[in-house]
Amino acid sequence: MAIVTSRTGRRDQWRVGGELSLISAGALAEGPGPLKGTWLVGARRSYFDAIIRAASLDLVLVPRYGDAQLRWESGDGRWMAIAFGSDDLLTLVHDPSAASAAGFDTSNVKSLSYTSRFARLGVRYRAVSGATSFEAMPSLGVDDVNARANQNDIDKGLHRTTLPLSLRARVSTPAAGGTLSAGLDGGWQRHSYDIINTPPPTRLDPAPTMVIHRSLARWAADAGAWIEQSWFVGGERFEIRPGLRGDHFGLSDHWTLDPRIVVTEHLADDITLSQSVGRYHEPPLITDLDPIFGDRVMLGSSATQAAATVKTILGDDKELSATVYYQDLRQLPVDALTGATPISANGGEESGGLLGVSRELVDSQFGSYSFREAIGRGTAYGVELIARRNLGAWTGWIAYAYARSYRTNPTRGDDAHPYVLDQPHSLTIVGTTELGRWRLGGRLRYTTGNPYTPVAGAYQKSSGDWVAVDGPLLSQRLPDFFQLDLRVDRGWLRPWGTLNLYIDIQNVVNRHNPEGVTYNKDYTRLSYTNGLPIFPSIGVEYIP
């Protein structure tokens with residue numbers, strides 16, 4: 001898990017910096033503000049899409065991203081206001097006469113675009129009185145997703161908007177021989193979307209073919225509260241931190257109560273052992289309440305998680321850690337109509353490969369693909385190892401994970417099958433070294449390929465269309481992923497600031513990493529959709 005935070009700007013004087021490369025450009029300004037505070041403003045925009053278009057490449061999904069932030073913080077740190085947002089676009093660069101692109105059958109696709117935008121405005125108040133601290137942060141925002149496509153000369157699309165109004169607050173104070181922390185979070189969200197497409201299969205219509213228009217608008221209120229007590233015993237060598245969280249999810253009108261506990265032992269000056277176990281709940285998606293399904297109740301999913309971590313820091317140049325974990329997942333939303341669309345023909349989430357992964361990642365944004373019910377089960381377990389070492393001019397770390405994740409869909413039987421994101425082995429090696437005034441860095445990544453459902457055969461309908469017959473569910477995998485990236489940079493320190501020149505080369509060995517599978521019209525031939533080839537970039541960064 002990565003946690004991203006926004007830093008406080010400088011307050012002595014205004015400074016303006018920036019970065020320019022073949023992929024993106026950005027600027028950052030910071031300086032003094034009211035109440036002896038600071039301003040920080042930044043913006044960034046990519047033009048990778050322009051490069052792809054200029055190269056006249058076909059069968060490519062072209063990304064473009066842009067983001068910006070504005071932050072003010074008072075000099076005493078009590079008040080902070082922040083506004084930030086992004087504008088991302090994904091467009092299909094495709095010759096309509098071609099047969100496929102990115103793992104999709106695009107022989108009848110003339111255009112495709114996917115735009116995702118969001119904006120947030122929040123205010124934080126923080127106060128400390130002795131050993132008691134309080135923090136509150138109200139916020140409001142907007143999420144906007146707009147997807148458009150033309151297939152078979154028919155315009156299809158989805159426009160979804162969410163308006164979240166939220167409040168988070170927490171207080172921490174000494175109590176009962178330890179530290180008591182409590183908080184609340186929640187708010188209102190207005191969900192609305194407008195869809196023009198072929199609806200997902202339902203029990204009344206398992207194979208819809210007509211493109212229809214439908215819309216939905218709904219307010220939902222979520223509320224959550226938590227409490228946590230921390231005790232140190234044995235001369236602060238042991239910490240026990242039990243907690244309890246309660247939630248009410250507005251979309252499902254569901255109440256939950258989740259206990260959790262974390263125990264930490266400092267076994268020696270350089271060895272720490274931590275164990276945790278807890279229960280967690282997640283609300284349903286608004287897309288599972290699509291009007292095509294009628295008036296229905298959809299419950300959220302739950303997970304019981306347990307983990308243990310041992311970490312040792314040896315001096316200033318070595319660090320080792322190991323984590324083992326286990327998750328038991330219940331009430332997972334799964335396709336409830338067996339055989340409504342062919343899995344292996346990219347017609348269902350369990351097709352795996354690029355489409356299955358994409359649908360899993362954007363399902364909460366893009367819309368409903370199938371009639372789902374909260375009847376699925378799952379398990380996940382694994383071990384994560386990390387080693388960091390400084391050795392002379394070299395600095396680097398190695399991370400390896402063995403992770404397994406399985407799902408069971410009762411409508412397809414009681415057997416568990418791999419999750420579409422299941423990757424048993426993952427290895428990352430990162431290293432940097434000084435070469436005179438230059439610095440050389442590299443990253444090597446290896447992962448097991450994602451699973452997909454193969455085609456066992458196909459038959460032709462009276463209309464002439466071919467229909468795939470599924471093989472064993474998620475029984476085959478894409479070839480393994482391997483990529484080596486290199487970076488060379490040098491900095492020049494001047495009285496007016498620092499100037500950095502860098503050269504990045506992604507996928508140095510130009511490996512064709514498969515990301516999906518594509519079949520020909522009658523499903524007799526399979527080919528892989530590959531990721532980006534070798535991509536060099538040069539850029540310069542100015543830091544005042």
Under 6.0 Å from the CZ atom of R168, do we count more than 12 heavy atoms belonging to anything else shown?
no
- With a cut-off of under 6.0 Å to the ring centre and 45° to the axis, is R490 in cation-pi contact with Y502? no
Notebook entry, point to check: Looking at side-chain heavy atoms only, is the closest gap between P283 and L251 below 4.5 Å?
Noted result: no
Scanning both residues in full, the closest heavy-atom pair of T309 with T323 reads OG1-OG1, 2.9 Å
Worksheet item: Between L163 and W188, is a side chain to side chain contact (heavy atoms under 4.5 Å, CB included) present by the stated rule, with each step listed?
Response: CA-CA 8 Å; L163 302 176; W188 276 11; over 6 Å; no
- Does the side chain of Y325 reach to within under 4.5 Å of the side chain of E384, using non-hydrogen atoms? yes
- Message: Under a plain distance cut-off of 3.5 Å, with no hydrogens placed, do D67 and Q69 share a side-chain donor-acceptor pair?
- Response: no
Just checking, any donor-acceptor pair under 3.5 angstrom between side chains of Q327 and T379? no
Checklist entry - So, the side chain of Y47 versus the backbone of S24: is there a donor-acceptor pair under 3.5 Å, distance only? => result yes
Between H248 and D222, do the side chains contain a donor N or O and an acceptor N or O under 3.5 Å apart? no
For R439, is the CZ atom crowded, meaning more than 12 foreign heavy atoms sit under 6.0 Å from it? no
Of R120, Q189, H191, the one forming a side-chain hydrogen bond (donor to acceptor under 3.5 Å, both in side chains) with D143 is R120
CZ/R437: more than 12 non-hydrogen atoms of other groups inside 6.0 Å: no
- Determine whether the side chains of T161 and S192 contain a donor N or O and an acceptor N or O closer than 3.5 Å. no
* Mind checking whether W255 and F249 have side chains closer than 4.5 Å, heavy atoms only? -> no
Point to revise | Y193 vs H159, ring-ring contact (aromatic ring centres under 6.0 Å, His included): CA-CA, chis, key distance, verdict | key: CA-CA 5 Å; Y193 61 68; H159 186 199; over 10 Å; no
Student check: side-chain heavy atoms of R241 and Q229 closer than 4.5 Å: no
- Non-hydrogen side-chain atoms of V123 and W79 separated by less than 4.5 Å: yes
